[in-house]
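These notes concern the structure reproduced below.
Whatever order the structure lists ligands and atoms in, that order sets their numbers, starting from 1. Below, all heavy atoms of this structure are taken into account, side chains as well, without hydrogens, waters or symmetry copies.
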Amino acid sequence: MKTQNAARGHALVLGASMGGLITARVLSDHFAQVTILERDAVTAVPQSRKGQPQTRHLHGLLVSGLETLTRYFPDLPDALTKNGAIVADMAENMHWYTYGGFRQRLHFGANAALMSRPLLESLVRQRTLARPNISLCDNTAVRGLVTSADRTKVIGVEVESRGESAQHERLSADLVVDATGRGSRTPQWLTELGYTAPAESAVKVDVGYATRLYRRDPDDPFGRDWLLSTPEAPKESRFGGLFPIEGDRWIVSVGGWAGDHAPTDEASYLEFIRSLSNPDIYRIISSAEPISDILAYKFPASLRRHYEQLERFPQGLLVLGDAISSFNPTYGQGMSSAILQAAALDKILTQNAVAPELLARTFFKAAAKVVDIPWQLSVGEDFRFPQTTGPKPAGVDLINRYVAAVHRATRFDEEVGRAFLKVMNLLEPPTSLMKPGMMWRVWQANRAHPRNSPSEQTPTQETSVVTA
Ligand SMILES: Cc1cc2nc3c(=O)[nH]c(=O)nc-3n(C[C@H](O)[C@H](O)[C@H](O)COP(=O)(O)OP(=O)(O)OC[C@H]3O[C@@H](n4cnc5c(N)ncnc54)[C@H](O)[C@@H]3O)c2cc1C
């Protein structure tokens, strides 16, 4: 049972992107009133905003993220489908080329969602704002925290509203949640208040995206397929994704690690796509009509702020989503991580067993558990590239050798493929791939299909989507 707890009063959520919206939804069960503060102007129509430039690029929602969002918004999958998004079994329409061939397609039994990020967000926003005790103030930039005189409690924020004339005011709150993304200023605000800023782990990957939209024939028999090309690192460094999205469009994002970025001029862009190991992305794109410019996005480093390690933290303040941890986006985990963190907060508030002064400590420990898994997965893979720098997890080279064998085995063994997809979708921990029975299957698949066997010489014929 939820604690519809008027005694908890007023919560302020900073940022109206995916992390802020799901947090507001969660808090609306526990606080009398929830107000979301967003610096940008927010329109009712699906649209990328200045404060979230990444939303113009390929975004898929993993199974764990979709299932958790659906708990809060039960009609979301239907609404996505009605609006032209693809909500479908994670693995039936998968054309994922990696480690010399296509991973086996299989019935996974759970759905993921493909759509433009603005569409997903607008549907989540509509449903969040339909709650009677949630309101949104857009054009409102948060400039700082307001604390009690002894600075032990956050009791509100200072905002600048950007109407015709800028106005400064103070808003009071019983809880403030910072969901302002990677550029969050909480570390700086903490220092100004005499607290220690959280330690940071930064893993430099130097990834660059370039994205374009294309028209999709609604009768295209491959129009529900999602295509990926991921590198056998470090000998390859390029990735590509082609997803069907609403409005009979394809979105394609391509790029690479360690500075191997995709160019944005037409001819070189197509040439880059042609160089991907999954040939079907180029085959589809080369005969489709482009309907947008080619947009670039650079992602220098994955960044984690270790709030869970802080000894002192003011009461009445939490941080969530990319503001805690932003991952190399090629693994598609960021939204799901934010959603799972919000669900963890819900669980803590529902149990109602934590004193207000212990809420931050309890939440940051729970959020760290959520973040640990996608961090381990993405950083682990990134350290396949010798150019990656930053805190390297112990034993990662050895684990990566095994995971390379897992990647190869997913091409031949459905059970290994299913186990891998569960981990990738944040449904099972990576250790589930290390169970003896699974290791045996991985070994068997690799032994039956040695690297230089004839099937390795013509990998693209295995399940190539489109024939010329
Ligand atoms: C290229 C790229 C591709 C990605 N692909 C995927 C994917 O396929 N799947 C996936 O799950 N994730 C993906 N991600 C990650 C995903 O976009 C983020 O994890 C997600 O947006 C995090 O949401 P957030 O709400 O925490 O932060 P953000 O989305 O960064 O939002 C922060 C919000 O706070 C607002 N704000 C900032 N400062 C202030 C202030 N002072 N006052 C008020 N408001 C403020 C901003 O305007 C913005 O609206 C990708 C990321 C990138 C870079």
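- Interface atoms of ligand 1 facing M18, defined by a heavy-atom separation under 4.0 Å, are 25 (O).
- The protein non-hydrogen atom at the shortest distance from atom 26 (O) of ligand 1 is D322 N, 2.9 Å.
- Looking from atom 43 (C) of ligand 1 to the surrounding protein, the closest heavy atom is R39 N, 3.3 Å.
- The environment of Q167 atom CD is sparse: at most 12 non-hydrogen atoms of other residues, nucleotides or ligands sit within 6.0 angstrom.
- Scanning the protein for heavy atoms near atom 3 (C) of ligand 1, the closest one is P329 CB, 3.4 Å.
- By the criterion of a heavy-atom distance under 4.0 Å, neither the backbone nor the side chain of L14 is placed next to ligand 1.
- Every N/O-N/O distance between A323 and ligand 1 stays at or above 3.5 Å.
- Within the 4.0 Å heavy-atom cutoff, A338 does not count among the residues contacting ligand 1.
- In this structure, R127 fails the cation-pi test against F73, since its NZ or CZ atom is not both closer than 6.0 Å to the six-membered ring centre and inside 45 degrees of the ring normal.
- Only the backbone of L58 comes within 4.0 Å of ligand 1, counting heavy atoms alone; no side-chain atom from C-beta on gets that close.
- Annotation: salt bridge (charged side-chain N to carboxylate O under 4.0 Å, His left out) contacts of E67 (sequence neighbours excluded): none.
- Residue-environment remark: CZ (R182) exceeds the threshold of 12 foreign heavy atoms within 6.0 Å.
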TODO: Just do the side-chain contact (heavy atoms from CB on, under 4.5 Å) check on T211 and Y297 with the steps written out, would you?
DONE: CA-CA 8 Å; T211 296; Y297 189 98; over 6 Å; no
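- Taking a 4.0 Å cut-off on heavy atoms, R117 registers as neighbouring ligand 1.
- In the vicinity of G19, heavy-atom distances shorter than 4.0 Å reach the ligand 1 atoms 23 (O), 24 (P), 25 (O).
- Considering all non-hydrogen atoms of both residues, E169 and S161 come closest at OE2-OG, 3.9 Å.
- Partner S337 forms a side chain to side chain contact (heavy atoms under 4.5 Å, CB included) with one of V371, I373, D322 and no other, that one being V371.
- Not a single heavy atom of L61 sits under 4.0 Å from any atom of ligand 1.
- When the shell of 6.0 Å around CZ of R143 is examined, it contains more than 12 heavy atoms from other residues, nucleotides or ligands.
- Using a 4.0 Å cut-off between heavy atoms, R49 contacts ligand 1 through its side chain alone, with no backbone atom that close.
- Of all atoms in ligand 1, numbered sequentially from 1 with element shown, those under 4.0 Å from a heavy atom of Y209 are 1 (C), 3 (C).
- Looking from atom 35 (C) of ligand 1 to the surrounding protein, the closest heavy atom is E38 OE1, 3.3 Å.
- Of all atoms in ligand 1, numbered sequentially from 1 with element shown, those under 4.0 Å from a heavy atom of M335 are 9 (N), 10 (C), 11 (O), 12 (N), 19 (O).
- Of the heavy atoms in A179, only backbone atoms (N, CA, C, O) come closer than 4.0 Å to ligand 1.
- Contact atoms of ligand 1 toward L37: 43 (C), 44 (N) (distance under 4.0 Å to a heavy atom of the residue).
- The minimum heavy-atom distance between E236 and F385, with the atom names listed, is O-CE2, 3.4 Å.
- Residue T140 places a heavy atom under 4.0 Å from ligand 1.
- Distance from atom 27 (O) of ligand 1 to its nearest protein heavy atom, with residue and atom name: G181 CA, 3.5 Å.
- The number of heavy-atom neighbours closer than 6.0 Å to CG of D293, taken from other residues, nucleotides and ligands shown, is 12 or below.
- Applying the 4.0 Å criterion to heavy atoms of G321 picks out, from ligand 1, the atoms 26 (O).
- Of the candidates Q54, H59, H57, R182, it is H59 that places a heavy atom closest to atom 4 (C) of ligand 1.
- Applying the 4.0 Å criterion to heavy atoms of A141 picks out, from ligand 1, the atoms 42 (N).
- Annotation: cation-pi geometry satisfied between R103 and F420 (NZ/CZ under 6.0 angstrom from ring centroid, within 45° of ring axis).
- A cation-pi geometry, defined here as NZ or CZ lying under 6.0 Å from the six-membered ring centre and within 45° of its normal, does not hold between R418 and F108.
- Ranking the protein heavy atoms by distance from atom 39 (C) of ligand 1 puts T180 CG2, 3.6 Å first.
- Closest to atom 29 (O) of ligand 1, if we only count protein heavy atoms, is S17 OG, 2.7 Å.
- Among all protein heavy atoms, the one lying closest to atom 41 (N) of ligand 1 is V142 O, 3.1 Å.
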